K.L.:
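My structure is below; once you've seen it, I'll send some questions.
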2 protein chains.
Amino acid sequence: MPDGRNTSAHHGESLLFLTDEQLRQGIEAMFFAYRGFTADPDRILADMAYGRAHHRAIHFINRAPGTTVNNLLNILGVTKQSLNRVLRTLIDQGLVESKVGKIDKRERHLFLTEEGHKLEQALSDAQRARMRSAFRDAGPEAVAGFRTVLEAMMDTEMQHAYTRLKETGS
Amino acid sequence: MPDGRNTSAHHGESLLFLTDEQLRQGIEAMFFAYRGFTADPDRILADMAYGRAHHRAIHFINRAPGTTVNNLLNILGVTKQSLNRVLRTLIDQGLVESKVGKIDKRERHLFLTEEGHKLEQALSDAQRARMRSAFRDAGPEAVAGFRTVLEAMMDTEMQHAYTRLKETGS
DNA sequence: AGTATAAGTCAGCCTTGTTGACATTCCAAG
DNA sequence: CTTGGAATGTCAACAAGGCTGACTTATACT
């Protein structure tokens, strides 16, 4: 973490000078792109009794099988009550399994069932298809830049969560 | 639009081959970054009687003053009723002004009042600060890539809306 | 034994999205 | 000039998914 690297606004260099217009375009790009990003899974979920919140839970349980409720809470950034409502329906419907911890029996470890995996596949297939198409159209250098900027835009705790998940990656 | 450029999955080149793991990281980056993206304005709005929906309306009215309700509807991608609820509170609170169209009197043209501009400034200052910091940390090539990928991720109609807004830029 | 932690639950509230039905105003085509 | 359709506004009802606050249960730690 270099100190004072970006404290001065004007160096007379285009490298560090960013107009409000450029920033505004970035803001709008985020807004429109996020709509596209969620559109395909949303369409699948619309026919079912589930929403975007269920998708997020399923995604991260699949990503980190055996994760605890508390862990998921931190990653998703919602309240226990909010997550519990979602989790309860997923468990009731047999998409998620909750197992009492061996070391600490207060904890519940979450796993996708066979059925849960099927829905996860359907949802992430749709989302990956769009991401793949965007990545291919944009090319590898653009993809690297994309990830660099997004990472810099995260809150610090989320950067850590993101990095931890990356390192867990197959 | 070159035909058949990305139809084949395997060229034996890293250029076009994208693993599910890479795509999943992109998906998670989008998720965590969008949280950061909205966090600062959300904090400001939490103290007031407004939410993210008000922010979006204010942003695009500021961006394209005199826009019609229908136009805004298309950009925001919500129903007339949903937007109307937001718009009504903004008009009642004196942040937005609605003027009957001169050519077509059915249309309402929307403008920010002095007060509306103040809130818009506060919100976009916060959001731009984060975007600026992320852009600086990432560097200009990364920023270019970021925008290329986001644009490729949008639905076609939103690409058009985005481009139209860009060309309107000061 | 007493405190802290993990999880679950109940109740109630808010924002923001949805549908459906309907009124108004006005342009434009027949 | 009339009529159909477009743009807008409004009412009502509902659902998802956030939130807070209060409380219970089980377990772990000190």
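Since the model is a prediction, treat every value here as computed from it, not as a measurement. The chains referred to below are lettered A, B, ... by the order of the sequence lines, with proteins before strands, and numbering in each begins at 1.
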K.L.:
Atom CE of B/Met48 and atom CG of B/Leu123: how far apart are they, to the nearest 0.5 Å?
P.N.:
7.5 Å
K.L.:
Provide, to the nearest angstrom, the distance between the CG atom belonging to A/Leu72 and the C1' atom belonging to C/dA7.
P.N.:
13 Å
K.L.:
So what does A/His109 touch, heavy atoms closer than 4.0 Å: a base, only the sugar-phosphate, or nothing?
P.N.:
nothing
K.L.:
Go nucleotide by nucleotide along DNA chain C from the 5' end; which of A/Val69 and B/Val100 gets its closest nucleotide reached first?
P.N.:
A/Val69
K.L.:
Atom NZ of A/Lys105 and atom P of C/dG8: how far apart are they, to the nearest Å?
P.N.:
17 Å
K.L.:
For a side chain to side chain contact (heavy atoms under 4.5 Å, CB included) with A/His54, tell me which candidate from A/Thr89, A/Leu119, A/Leu95, A/Leu87 qualifies.
P.N.:
A/Thr89
K.L.:
Is B/Met153 reachable from A/Ile44 through a run of I, L, V, M, F, W or Y residues, each pair having side-chain heavy atoms under 4.5 Å apart?
P.N.:
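Hydrophobic grouping puts A/Ile44 with B/Met153.
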K.L.:
Atom CG of B/Leu110 to atom C1' of D/dA7: distance rounded to whole Å?
P.N.:
13 Å
K.L.:
Among C/dT18, C/dA7, D/dT8, which nucleotide has an atom closest to any side-chain atom of B/Asn70?
P.N.:
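The answer is D/dT8, which lies nearest to the side chain.
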K.L.:
Nearest whole angstrom, please: distance from the P of D/dG18 to the OH of B/Tyr50.
P.N.:
24 Å
K.L.:
Can you see if the side chain of B/Ser82 gets near the phosphate of C/dT16 - specifically, an N or O under 4.0 Å from OP1 or OP2?
P.N.:
no
K.L.:
Once you round it to whole Å, what is the distance between C1' of D/dA16 and NE2 of A/His54?
P.N.:
9 Å
K.L.:
With nearest nucleotides of DNA chain D determined for B/Ile91 and A/Arg106 from heavy-atom distances, which residue corresponds to the more 5′ nucleotide?
P.N.:
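Nearest nucleotide further toward 5': that of B/Ile91.
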K.L.:
May I have the distance from B/Arg35 (atom CZ) to D/dG18 (atom P), rounded to whole angstrom?
P.N.:
10 Å
K.L.:
Strictly under 6.0 Å, is that where the ring centroids of A/Phe17 and B/Phe135 end up?
P.N.:
no
K.L.:
Any N or O donor-acceptor pair under 3.5 Å from the base of C/dG20 to the side chain of B/Gln81?
P.N.:
yes
K.L.:
Quiz question: going by heavy-atom distance under 3.5 Å, is there a donor-acceptor pair between the base of C/dA7 and the side chain of A/Arg108?
P.N.:
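Side chain to base: no pair present.
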K.L.:
Which comes earlier along DNA chain D counting from the 5' end, the contact point of A/Arg56 or that of B/Asp104, where each point is its nearest nucleotide?
P.N.:
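Whichever sits nearer the 5' end wins; that is B/Asp104.
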K.L.:
Roughly, in whole Å, what's the span from CE in A/Met48 to C1' in D/dA16?
P.N.:
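For the pair A/Met48 CE and D/dA16 C1', the rounded distance is 15 Å.
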K.L.:
The side chain of B/Arg88 lies closest to which of these nucleotides: D/dC11, D/dG17, C/dT9?
P.N.:
D/dC11
K.L.:
Send over the distance from B/Lys80 NZ to C/dT25 P, rounded to a whole Å.
P.N.:
15 Å
K.L.:
What contact category does B/Arg85 fall into here, base, sugar-phosphate, or nothing, at under 4.0 angstrom with non-hydrogen atoms?
P.N.:
base
K.L.:
From the options A/Gln127, A/Met30, A/Arg130, select the one residue that forms a side chain to side chain contact (heavy atoms under 4.5 Å, CB included) with A/Phe37.
P.N.:
A/Gln127
K.L.:
For A/Ile103, report the nucleic acid contact type (base, sugar-phosphate, nothing); a contact means any heavy atom under 4.0 Å.
P.N.:
sugar-phosphate
